[in-house]
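Before we start, here is the structure in question, set down as structure tokens.
Order of appearance sets the numbers: ligands from 1, and atoms from 1 within every ligand. Note that the structure is a prediction, hence the values are computed from the model and not measured.
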Amino acid sequence: MAFKKDFRWGVATASYQIEGAAYEADKGLNGWDVGSATPGRIFEGHSGDVGCDHYHKFREDVALMQKLGIKAYRFSINWARLIPAGTGKVSEDGKRFYLALLEELKAAGIEPWITLFHWDYPYALYQRGGWLNPESPKWFEDYAKVCAELFAPYCDHFILINEPQCFVGIGHQTGEHAPFLKLCTRDVMTVAHNVLLACGRAEKVLRKTCPHPVKIGTAQAYWPALPFRKEDYRLAEKETFTARAFGSVSYFTDPLIFGNYPQDALAWQKENGFTFPESDLSIIKSQVDFYGFNTYSGDYVTEKNGEVTRLTPPMSTPKTDMRWNVHPDSLYYGPKFLWDRYRIPVVCTENGVALSEWKDLNGEIKDFSRIDFMKRYLRALSKAADEGVEIEGYFHWSFIDNFEWAEGVSKKFGLVHVDYNTLERTPKSSAYYYQTVIETNGAVIEE
Ligand code: NOJ
């Protein structure tokens, strides 16, 4: 059992999903504040307007994390709360909120991992063309600089942009997430490229501005291909890194780490008439200290008639409430493939499960399936660690039930239950189980 001694056992959340206080003080609007008001977009008209009201209840939440023995907390900054217009003036209220949260974490001995951007894009910038605007990487750089100045005194770990695969692909191509656009492929390529330029600029400005050396990494949406048979290993690895789709990890991390798009991405760009100046690649190329990945499942693949085939899972395969297959192998093969390709320490920046569950008549949430899920996935992760993959941490998604984007609050990912009428927090059985995982540095998962 090979979790390192200083393994980061954490939990993760994101600003729009938990903060609420959407209209507090001088906070600017973001794409989700505005977009969720349009009927039909979000399940049963839900929104994150109130969320878990973490904005007002963060002290209670940090106290609960401390009680559960959580070592690290990954959360994101709501860009328009900090800088209402996206650029320019910093909000005193936004600043006060995040500094108070960081103070609270410090007092509780919990290490903050800050995600700069987790999908709540300032609406004022969207009105100026959003990620299609050639100025957009610079806007992000300026925002990152403000974050570095304010928060680096408290924080050693920064994640640049959460899951570009989703807000680029699902936000700009299929239109199910903010900004709810259905652009042509070439324009989505422009968006993706500006996002990469933004990452590159932010990495550089963080290193320049932070008063001490910080660790900078990613949080990629990573759904690896898994070998169905032993001999499918290389095929699965290759399939995992194909880059002819915006859901690809190599499309977004090869440029960042190697300074170039993968060959198949370049060919795809050519077919769509997308070009960029060669000099952009040196802006994008960054020193990535940890490769953060968010993994929930993966697809088994095999070879049929010389072609790679994604297999339909057997009817017996357990499904989560998101209808995602329970495939613990994704936390074994996934990190192995990443480590072999990039040779950068990996961090599981998200993993968890949505279950259909509710408080029972005794006021408890006995989510034994979540405990089983965690055991199975963590066993897989520890096997990868045993085989030499450098794994620095695991962040369970999520600390608390929250707003699951287009699904509203109908999907429950939390270790802690929220009553959306009273906003009362109740740790589920899995929260106490995770506490024992942390206490034993993972040993308990073998029992
Ligand atoms: C990925 C996203 O980063 C997070 O916002 C989302 O809630 C979870 N996965 C679950 O879908």
Legend entry - Ion pair check, R96 and D93, cut-off under 4.0 Å: yes
Legend entry - Minimum side-chain heavy-atom gap N294-N162 below 4.5 Å: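 Yes, at least one pair of side-chain atoms sits under 4.5 Å.
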Inset, instruction - Answer yes or no for F167: is there a heavy-atom contact with ligand 1 below 4.0 Å? - result: no
Legend entry - Q165 side chain to Y251 side chain, donor-acceptor N/O pair below 3.5 angstrom: no
Legend entry - Pair T115-R74, side-chain donor/acceptor within less than 3.5 Å: yes
Legend entry - Proximal atoms of ligand 1 relative to H118 (non-hydrogen, under 4.0 Å): 2 (C), 3 (O), 4 (C), 5 (O)
Legend entry - atom 3 (O) of ligand 1: nearest protein contact (heavy atom, Å):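 Of the protein heavy atoms, E350 OE2, 2.7 Å lies nearest.
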Inset, instruction - Could you say whether the N/O atoms of W119 and ligand 1 ever approach to under 3.5 Å? - result: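 The answer is no, given that W119 and ligand 1 share no N or O pair closer than 3.5 Å.
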Inset, instruction - Answer side chain, backbone, both or neither: which part of W324 comes under 4.0 Å from ligand 1, heavy atoms only. - result: side chain
Legend entry - Note: E135-R128 ion pair, threshold 4.0 Å (strictly below): no
Legend entry - For atom 11 (O) of ligand 1, the protein heavy atom that lies nearest, with its residue and separation: E404 OE2, 2.6 Å
Legend entry - 4.0 Å heavy-atom contact, K411 with ligand 1: no
Legend entry - Region of N162 that comes within reach of ligand 1 [heavy atoms, distance under 4.0 Å]: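 The part of N162 near ligand 1 is the side chain, not the backbone.
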Inset, instruction - Can you spot which of F75, Y434, Y394 makes a side chain to side chain contact (heavy atoms under 4.5 Å, CB included) with V11? - result: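 Filter result, single survivor: Y434.
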